[in-house]
Amino acid sequence: MITDILFAMKHELMIAVIIFILLFWKIRSNEPNNALVMALVNGLLLLSTLFFFLNPNESMLFNQMFKTNVLTHFQKSVLSLGMLIVSAVSYAWLLKNKNLIEFYILMLSSLLGMFFMISSSNLLMFYIGLEMSTIPLAAAANFDLQRRKSSEAAMKLILSSSFSSALLLMGISFIYGTCGSLQFAHLNNLLQHTPLTVFAMVLMFAGFAFKISVVPFHLWTADVYEGSPVPVTAFLSVLSKSAVVFVFTNVMFQVFANLYQSWVLVVALLAFGSIVVGNLFALRQQNIKRFLAFSAIAQVGYILVALLGESVQAQAAIFYFLLIYLFSNLAAFGVVGIISEHTGKENIDDYKGFYKTNKFLSWVLAIGLFSLAGVPPTAGFFGKLFLMLSGASTGNYVLIILASLNLVVSFYYYLRVIRVIFMDENDAPIEKTEAGLFPRLALMLCILGIVVLGLYGPAYEYIVQIVEHY
Amino acid sequence: MNAQEIIFYLIAAYILGTGIMAVSTHKIFRASIWLLFSLVGIAALYFWMDLEFIAAIQIVVYVGGIVVLIIFSIFLTQKAGDEMPAPLKSRTLPAAFASLFALAFTINLLLHHNFGSASEMVFDSSVERMGLAMLNTGDGGFVLPFEAVSMLLLAAMIGCIVIAMKVKKEEAQ
Amino acid sequence: MNLLLFIFIPLLSAIGVLVSNGLKQVRMVAFIGSAIQLLVAFYLLNQYQVAKDLDGTALMYFEQTFAWFPSLGIQFHIGVDGISIAMMLLTALVVVAGVLVSFSMETLHKEFFFLLMLLSLGAYGFFISLDIFTMFFFLEVAVIPKFLLIGIWGSGQKERSAMKLALMLMGGSALIFVGLTGVYYFTPVLADVRTFDLMSIAKRGIPMDAQLFFFPFLFVGFGVFTALFPFHTWVPDGHSSAPTAASMFLAGISMKLGGYGCLRVATFLMPEAAQVYAPWIIALSTIAIIYGAFATMMQTDLKYINAYSSVSHCGFVLLGIGMLTKTSITGAVMQMVSHGLMTALFFAAIGMMYSRTHTRLVSQLGGLLKVMPFISSIFIVAGLCSLGLPGFSGFVSEMTIFVGAWQNPNMWYRIATVLSCASIVVTAVYILRAAGSSVMGEIKDSHFTSLSDAIWNEKLAAVVLLSGIVIIGIAPFLLTDLLSPGADVIMGKLFNSIK
Amino acid sequence: MTPISLTHLLILSTSLFFIGAYGFLTRRNLITLLMAVELMLNSVNINFVAFNKYLYPQNIDGIFFTVFVTTIAAAEAAVAIAIIINLYRSHNSIDVEDAGEMKY
Amino acid sequence: MRNIITVLLIPSLPLFAFLLLGIFGNSSNLLKKGAGIIGTTLMGVSCLLSLQTASNYFFANALGQTAFTGNIVFKYTWLTFGSGISIDMGALLDPISAMMLVVVSFISLMVHLFSLGYMKGEERFSTYYAFLGLFTFSMLGLVLSANIFQIYIFWELVGVSSFLLIGYYFSKPSAVAAAKKAFIVTRFADLGFLIGILTLGFYGESFDFETLIQRLTDHQSPQFLAISTASFLGVTGLTWGLLLVFMGGAGKSAMFPLHVWLPDAMEGPTPVSALIHAATMVVAGVYLVARLFPVFALSDQAALDVVAYIGIFSALFAAVIACTQTDIKRVLAYSTMSQIGYMMFALGVSGYGTEGAGFSASLFHLFTHAFFKSLLFLGAGAIIHLVHSNEMKDMGGLRKLMPITHASFLIACLAIAGIPPFAGFFSKEAILHAAHQNHPGIYYIALFTSMLTAFYMFRLYFNIFWNKDSHHHSEHGEGTWSMKLPLILLGIASVLVGFIPFSHYVSSDGAGLETHVDLLFSVAPVSLALLGIMAAVYLYMKPSNKPEALAQSLGLAYVWAKNKFYIDEIYLFITKRILFNLIGKPAAWIDKNVVDGFYSLSATVTAEFSNTIKGWQSGNVQAYAIYFLGGILALSTLLMYVLK
């Protein structure tokens, strides 16, 4: 019994253990050795990632509030891996940080919140997980204590998110009011198609949409990405988003199955809106982090496109895409973070002539961007195409056509960066930057992921298998 | 209209009135006090609903905790009695329109929704029941959220400390 | 014969380029890789003949299937017929020549040759694929190397051109993708599995209304790659900004990917729709032919001249496809091969001239025949091939298209054919203008007199391409025999559909 | 208690919610924004409690939801205030209009 | 089998010369020096083989036969088109091709020989011989073609070798321009040819001459019915096909209005003019019509009439212009055009079989003309070699300096003027006779033209050899023996070939016609020719201002003729103004601004739009919240009230 719980909650327990170790470490010594802390955390995160292979069983615990199965284990491992990469690529920033342990505690708490959210089968746990993944992150966003932008970003994040969670809560309360239950499994049957439930659905949808930056609930994204410290930005853009999407697909297909007709419309509309608005804004960005933020908004649009498809295919495509997206985006953010930390340069134009001085980083950034853009042979190509293929499976050709054509626009801005890196002349390019061992390893891992995930078909097939099963 | 109802409407009017004052007064300190009144009014509503436990939490956490925190922060960032700048017209109009529209929209939905007949069952909201549920791992237990929230509070606390702590001089450079 | 060689050899050469050091080593690796590839391509031709003699009925030869994404019905299914072999030979020739003319690449040579190899990988992969998703994959694999090649090593407004090219090709890809999804979802499901497999889709057939809706997407999408009017504007800018080898690749191979796709995917899979849309295809390609030719006449930059003429010449490919007769389709493929070789030769000659004189403007060149007779002769020969002189490949392919086109007794089709024929006169005008004032005439710049003629690698490149052109020109039956069975299969599909 | 009263309670909470929302949308001081959010959360709490008591007395999910919302609101408020104080240090103002450096 | 090899060798030897000299000519010193010898030797062998083949055909094989038939020596399927039609490479021996073989190879040999001296010391000597080889190969291939598409292939090759040879002096802009013009104008004509081929081939379901002729002359065959019922713009498919094919022929043969390239083509080395633009390539059009003559004559009289009218008009038109030109090569060029006009209308007025006197006469004239016209050109070459100018005013009194040239030139002039017993007399008589019988109108014009011919030829002759005294002194005499020998040989030929009973061997149906010289009939043409010569004697024998006075009195007519009736200007107007300015420039402009502009515009619009909506991202958290709330309300309203 106890071992069952241990195995079921292995990820959560692992993260909690790390948090407590760090807490005690902080209590024991006020000026801990940052490198050591990082080594420990990274090691344990690696362990947590590998936990996936440790008896990924199926269970339902704690008053049916906590469910686990292969899929959730998989998702948690993916998130652990993401956290590991974030932590590794931000090596330089973290090393200098005076409050490293606190920072880790916040990030890990946020991760823990995501785990709870992923495993939630109950609106209460979902809500707690959601808040738990956001509130510490808002604090972490402010960790560049001296930067004006950092606190502005944190402020925008916490206020926007509290506003959004108030609306989300209102939606939850209406659902509770109409159904009398918070359990996903019950809601599936209890939820009837009435105006009030549709409204509640929209409210909840908006809550999700806020977290994954769907237009028009996306407006905080770029500002927060720009202002936050790079690890937080990377975390937000990849992990928060992935975690919420994991739950989102689940909620949409499971809880709101009866409202399918309604939410499909919303999803289609917002998918188109996100793609277009994300693209249009990304076109004109100068700051590379803002640029990545808007491009991420467009990417989410494509995820929503996939959501229109048949449940299994859609979820498989989305999870597959997120896995690729994690590697691609972290590769891009990793390089941006390294450069930003070493030189303070964040403008796209600063990257002129980057290839002359930093070949490795240039290629990593380029491959990351290619993958985001969906260019073969990177995995992003497969990810994006499978998303759209899934979207087309229910015959939404108009949307598919529009989304495909928007790919061209997105291509423009990704290539713009590539062009700056490889083609533009510059007398004073960014000087040669030594990334360090951890970041290099992490970036190579990203590249490996980007290359292998697409070309190696069984990766996708495995996800399909898991999804089909649950 | 019986006494219960009259009391309800009074409390409702009180909550809304103080709420409106809280979001419209120009003095920030007064606003916090109006908020305090409004929250107390909500506690009163809980009392009216025979939910003493919730009412108590409302008073302890909100009135005793959050509002005090807010007042502290006001002191840290403002001089008492400062007039706040008036809201921008460009913001007020759409905001008012959106809020009113949303209000009408929601109320319309609520009025037209059939919630079914009220249950005749007596609602047992004793502190004992809640206590047992809070720490129960089995059916009807809430121990997991309880633990999760405690982790959240821990994290929030640590975050607050780091952010709000005065930065030492040499770090500032 | 294992077709995977066509994936692995370029891949290994690319990796070899990455691990070698110094220009000499890098270019030798690239050259050896591409030369082996050429030999293997000829070996494939040989093996194909052998296999064909053993079993003349198979639709595809050397087929291999590997599961890739089985749940989506995506396979790595490869196989060839005569048409693809012809295209692969073309690719092999152009790649060798492209590597040879780039021997003196100074900046970032490693990257340069790496990208060239990647580009050839894309082309080979595209031609051997029998799964339309895989085809699409390889089609796109080839896009980014082009962008980088133009943008990094190009000249003039290279970045703008690179961007334009990449975006328009991506636009084409986007259309293709929409078409692919349509094909995918509207092909009847067998045994609960959808498929991207070319042959099985062809076997299952696509319902008419789906064909009508999705054919334009596929055709226009591939058409963008092959400079279908009005989606051709990437061609002039892209070709003229690209470094020599990239121009050769672009015009020689890359544009052919589109033509091949139009034929193999769009027309083959949706024959009924092809018949419905044939007038449109013909109209657009006729416009491309005439309009491209006239636009060429006004150009002053040699590369622009060749680029616009490529628009015009590739119009013939689409015209041949649009006419939907066996002869015209065979002619279209011949024209692809022929134009590929010819235009590569042309670009090679222009590149050699440019690298010496540092100008490509017709008005500034002149009298080069005196100082660099070899290069100038190559230029003239390429020009003569372009204007369809007998003895070179251009003639036979154009004639085949015309004869094929004329077999369609529709009066409007005939008028289109006549107009297209008329373009060969215009071609003569611009080719002779270009040749007349750049290599003939008086030497306009005194420093030209001190310039040297081609060196061995350049000569070898020219000879490689030229031999292809001449062999096809003198013995076209070799090519038609190769293409004929493939054309028959496509025609079979077309005629079945008429019933 | 009649369902009408439930509806009345809901109307009360909804009104309060949108009063809070209006406050959030219009006030210029960051702290008042936070106060407006508290009003909104409270109104949701009323909803939960009312639904639980009048419609689903067999369970106590609603009550617990309220409890946790309250707790989380506290955490949120704490973090928000810390952030606002930090912001005040760098900006010397907590006017919303002054904290809009990053845009477009 | 031996026959095949012989016939194959005839064109192959020049081709071999081309390949050898073209590829290795510049790299090997031996080849560079010996190019002329090699080329000439190979050509000589080829010529001997041609003579042997022809004599075999006409005399040995045909003994005892009543009619000469076409004889396909070999045939190889070269390119198969889907529906059973194919381009075959073959060699067809019949009277006209055998005759042409002799003409082409003999004249070519003469030119090879002549060039040994004429082109000596040229930098690109070997290239020159390579090109000559290429041309000869193509021309021989054209002559031997058994397939209408094959003829088109060699037709194009001939065109390109002509281009290369005219542009031989590539650093001379006028030469390059002339080469371009020649190529493009003939290319334009070939467009018609090609479409004609396509039409005939499509309906005739074959490209083979024999099959095609057989099917299209059999009025019951399905192919004939199909092609004569198909019509476009009210004209039958057959007429279209034949006229378009004739258009190709007219282009190569410089018939009005496609003649403009021929005078300019004189920019090439003079021996080249002698070979290509006098004797061989320019008569390809006549040859082509002759090839398809049965179809013209038996199935489509209308097309044949067009041939006749264009022929006679060109003959007259060119003769008039020739009277006014001062560049001796241009005079010769216009005279060539005029003479080809004769050949054409002779075909045009001819009937088939026993009515086919015109056909034989035309080819007879082709035959004789080849000799004396190339003689004229070579002579002109020798003169130009001496005086280094093409203009009449730089010449005069050369008869003493270059006696052999003078004598041969005179023979040629007499021949072309139609004075008996020179070769031209017989052929021209035959033509006039045929015209007189079938088409009196044409006959009278032709008569007048023959007077003009005599006039301008002797105008030329006197201006060169008489008129004023020579101020030249011969540096290298008349030139080497290699230059003189061809003149002598051709002179002898120009005298003798007229006596061949030509129509006996060459006739429209192969059956042979009896030649009869009607002395009475000859009176008129000969006396008119003498009249023309007299006029020339009167005007040009001695230096005088009579020519100017005459020119003055003719006024506008003279100016127009002198300016070649402004045909060049009309062409220039059409190409420059209409094609370049009205089509080319707009096309380039549209491409840059409209088509490409559309893409640029869409990019700009996108960027502008992006700029316009940037305000959404105002940086203010409350504004974000309003959008948030607004989004929710909009979606819910949409779901509940709009998209119910």
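Heavy atoms only: backbone and side chains are in, while hydrogens, waters and symmetry mates are out. These numbers were taken from a predicted model, which means no experiment stands behind them. Letters A, B, ... are given to chains in the order of the sequence lines, protein chains preceding strands, and every chain is numbered from 1.
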*Heavy-atom contact with chain D under 4.5 Å, split by part of B:Tyr46*: side chain
*Which heavy-atom pair separates B:Pro87 from D:Arg28 by the least distance, and what is that distance?*
CA-CD, 3.9 Å
*Please look at B:Ile20 and chain D and tell me whether the side chain, the backbone, both or neither of the residue comes under 4.5 angstrom of a heavy atom of that chain.*
both
*Hey, which of B:Leu88, B:Ile57, B:Leu111 has the most heavy atom pairs under 4.5 Å with chain D?*
B:Leu88
*Top contributor to chain B contacts, counting heavy-atom pairs under 4.5 Å, from D:Ala21, D:Gly20, D:Ser43, D:Ala74*: D:Ala74
*May I ask you to name which of D:Ile11, D:Asn29, D:Leu10 has the most heavy-atom pairs under 4.5 Å with chain B?*
D:Asn29
*chain B heavy atoms under 4.5 Å from D:Phe17: which part of the residue, side chain, backbone, both or neither?*
neither
_For chain B, the option from D:Ile85, D:Ile63, D:Thr71 that forms the most heavy-atom pairs under 4.5 Å_ = D:Ile63
*Using non-hydrogen atoms and a 4.5 Å limit, figure out which bit of D:Ile46 sits close to chain B: side chain, backbone, both or neither.*
both
*Which bit of D:Ile94 comes within less than 4.5 Å of chain B, counting heavy atoms only: side chain, backbone, both or neither?*
side chain
_Taking the side chain as everything from C-beta on, heavy atoms only, tell me whether D:Tyr54 gets closer than 4.5 Å to D:Leu9._
yes
_Tell me whether B:Arg91 contacts the main-chain N or O of D:Leu25 through its side chain, where contact means a donor paired with an acceptor under 3.5 Å._
no
*Which answer fits B:Ala155, side chain, backbone, both or neither, if we ask what part of it has an atom under 4.5 Å from a heavy atom of chain D?*
neither
_For the interface with chain D, which of B:Pro94, B:Ala156, B:Ser99, B:Ala12 has the highest count of heavy-atom pairs at distances below 4.5 Å?_
B:Ser99
*Side chain, backbone, both or neither: which part of B:Ser24 has an atom under 4.5 Å from a heavy atom of chain D?*
backbone
_Report which part of D:Phe68 has an atom under 4.5 Å of a heavy atom belonging to chain B: side chain, backbone, both, or neither._
side chain
*Out of B:Ala31, B:Gly159, B:Ala95, B:Ala96, which one racks up the most heavy-atom pairs below 4.5 Å with chain D?*
B:Ala95
_Structural part of B:Leu45 lying under 4.5 Å from a heavy atom of chain D_ = side chain
*Options B:Leu152, B:Leu110, B:Val61, B:Thr25, ranked by heavy-atom pairs under 4.5 Å with chain D, top entry*: B:Thr25
*Proximal component of B:Ser38, with respect to chain D [non-hydrogen, under 4.5 Å]*: side chain
*Apply the side-chain contact (heavy atoms from CB on, under 4.5 Å) test between B:Phe105 and each candidate in B:Leu109, B:Asn108, B:Ile107; give the one that qualifies.*
B:Leu109
*asked:* Under a 4.5 Å cutoff for heavy-atom pairs, which residue among D:Leu34, D:Thr66, D:Asn59 has the most contacts with chain B?
replied: D:Asn59
*Where on D:Ala50 is there a heavy atom nearer than 4.5 Å to chain B: the side chain, the backbone, both, or neither?*
both
_I'd like to know which of B:Ser32, B:Pro85, B:Gly65 tops the heavy-atom pair count under 4.5 Å against chain D._
B:Pro85
*Please flag which part of D:Glu76 lies under 4.5 Å from any non-hydrogen atom of chain B: side chain, backbone, both or neither.*
neither
_Using heavy-atom distances under 4.5 Å, tell me whether B:Leu39 contacts chain D through its side chain, its backbone, both, or neither._
side chain
*What is the ring orientation for D:Phe65 with D:Phe48, classed by angle as parallel under 30°, tilted 30 to 60°, or perpendicular over 60°?*
parallel
_Partner chain B: residue of D:Ser15, D:Ala36, D:Ala77 with the largest heavy-atom pair count (under 4.5 Å)_ = D:Ser15
*With a 4.5 Å cut-off on heavy-atom pairs, point out which of D:Asn45, D:Val96, D:Asn92 contacts chain B the most.*
D:Asn45
*Please lay out, stage by stage, how D:Thr32 and D:Met35 fare under the test side-chain contact (heavy atoms from CB on, under 4.5 Å).*
CA-CA 5 Å; D:Thr32 47; D:Met35 287 154 59; 4.1 Å; yes
*Does any heavy atom of chain D fall under 4.5 Å from the side chain of B:Leu51, the backbone, both, or neither of them?*
side chain
*chain D heavy atoms under 4.5 Å from B:Leu103: which part of the residue, side chain, backbone, both or neither?*
both
*Mutual orientation of the aromatic rings belonging to D:His8 and B:Tyr9 [parallel < 30°, tilted 30-60°, perpendicular > 60°]*: tilted
*Engaged part of D:Ile60 at the chain B interface, taking heavy atoms whose separation is under 4.5 Å*: both
*Closest approach of D:Ser13 and D:Asn47, non-hydrogen atoms and distance?*
OG-OD1, 2.5 Å
*asked:* Report which part of D:Val67 has an atom under 4.5 Å of a heavy atom belonging to chain B: side chain, backbone, both, or neither.
replied: side chain
*D:Tyr88 and B:Leu76: which non-hydrogen atoms are nearest, and at how many Å?*
CE2-O, 3.8 Å
*Can you see which heavy atom on B:Ile163 is nearest to which on D:Asn86, and at what distance?*
O-ND2, 3.2 Å
*Sub-6.0 Å ring centroid separation between B:Phe29 and B:Phe75*: yes
*Side chain, backbone, both or neither: which part of B:Met157 has a non-hydrogen atom closer than 4.5 Å to chain D?*
neither
*Before giving the answer on side-chain contact (heavy atoms from CB on, under 4.5 Å), spell out for D:Val44 and D:Val69 the whole-Å C-alpha distance, their side-chain angles and the decisive distance to 0.1 Å.*
CA-CA 9 Å; D:Val44 175; D:Val69 169; 5.7 Å; no
*Checking heavy atoms, do the side chain of B:Leu35, its backbone, both or neither come under 4.5 Å from chain D?*
side chain
*Just say parallel, tilted or perpendicular for the rings of B:Phe101 and B:Phe97, cut-offs at 30° and 60°.*
parallel
